[in-house]
Amino acid sequence: MKNVIAIISGILFGLGLAMSEMINPTVVIAFLDVAGDWNPALMFVMFGALLVTTVGFTLSLKKQSPLCASQFYLPTNSAIDKPLIIGASLFGIGWGMAGYCPGPAIAGLAYGQQETIYFVIAMLVGLKSAQLFSAKG
C-alpha cells in the first residue's frame, strides 16, 4: 500500500509540474529574471503549492502518525551553518543557470530531452560528491 501511494503521489506531482510548466527551463528562467523580461506566472504556482503544503502539514501533524509509517520523520537540525549556505547557494545558482530544480528535472526526463538528461546526471554526480565530502568532514 505504501508503494502504491508513493507512485500515485509521484505521478500527481509530475503531472502538476508538467501542467504548470515548471519542467520548462525557459519558463523557469523567465520567472527568475526579475530584472529583465520577467514572467510572473510561476508565482501563482508557488503560492498554490505553499497554500496546499501549509494546510496539508497543519492537518497531518495533528495526527499521532502518518498514514503509512509509525512516526513522523521531521528535521531536527535548524542551524544555519556553512554546509547549508553553500548547498543552498549551489542549488540557487544551478536553478538559475539551467532552469531546473531536482523535481522538475526528474519529471522532465519523460520528455527525453538531452539537456534534461545531462542535468540529471550532473545532479546525481553533485549529490554523490556532497555525500563523499560530508563523510570526510
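By convention here, the first residue in the shown sequence is residue 1. It should be emphasised that the depicted structure is a prediction, and the values quoted were computed from it without experimental measurement. Scope of the values below: all heavy atoms of this structure, side chains included, with no hydrogens, waters or symmetry mates.
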Establish whether [X] and [Y] are linked, either directly or via other cluster members, by ILVMFWY side-chain heavy-atom contacts under 4.5 Å.
X	Y	answer
Met97	Tyr100	no
Val34	Met22	yes
Val27	Ile29	no
Phe13	Val120	no
Phe133	Leu127	no

Would you say that more than 12 heavy atoms from the other residues, nucleotides or ligands in this model lie under 6.0 Å from the [atom1] of [X], or not?
X	atom1	result
Ile80	CD1	no
Leu67	CG	no
Asp81	CG	yes
Gln71	CD	yes
Met46	CE	yes
Phe72	CZ	yes
Phe91	CZ	yes

Nearest heavy-atom neighbours spanning [X] and [Y]:
X	Y	value
Ser65	Ser70	CB-O, 3.4 Å
Gly96	Leu32	CA-CD1, 3.8 Å
Ala98	Pro25	O-CB, 3.3 Å
Gly14	Ala107	CA-CB, 4.1 Å

Once rounded to the nearest 0.5 Å, what's the spacing between atom [atom1] of [X] and atom [atom2] of [Y]?
X	Y	atom1	atom2	result
Leu15	Ile23	CG	CD1	9.5 Å
Tyr111	Asn24	OH	CG	9.0 Å
Thr116	Ile121	OG1	CD1	11.0 Å
Leu12	Ile7	CG	CD1	12.0 Å
Ile8	Asn3	CD1	CG	11.0 Å
Trp95	Leu90	CH2	CG	15.0 Å

>> side chain to side chain contact (heavy atoms under 4.5 Å, CB included), that's the test. Do Leu84 and Asn77 meet it? Break it down for me.
In response: CA-CA 11 Å; Leu84 175 65; Asn77 184 0; over 6 Å; no
> Short question: side chain of Trp38, backbone of Phe31 - any donor-acceptor pair under 3.5 Å?
Replying inline: yes
> Run the side chain to side chain contact (heavy atoms under 4.5 Å, CB included) check on Glu21 and Val45 step by step: do they pass?
Replying inline: CA-CA 9 Å; Glu21 294 198 68; Val45 173; over 6 Å; no
>> Any heavy-atom pair between the side chains of Val28 and Pro104 that's under 4.5 Å?
In response: no
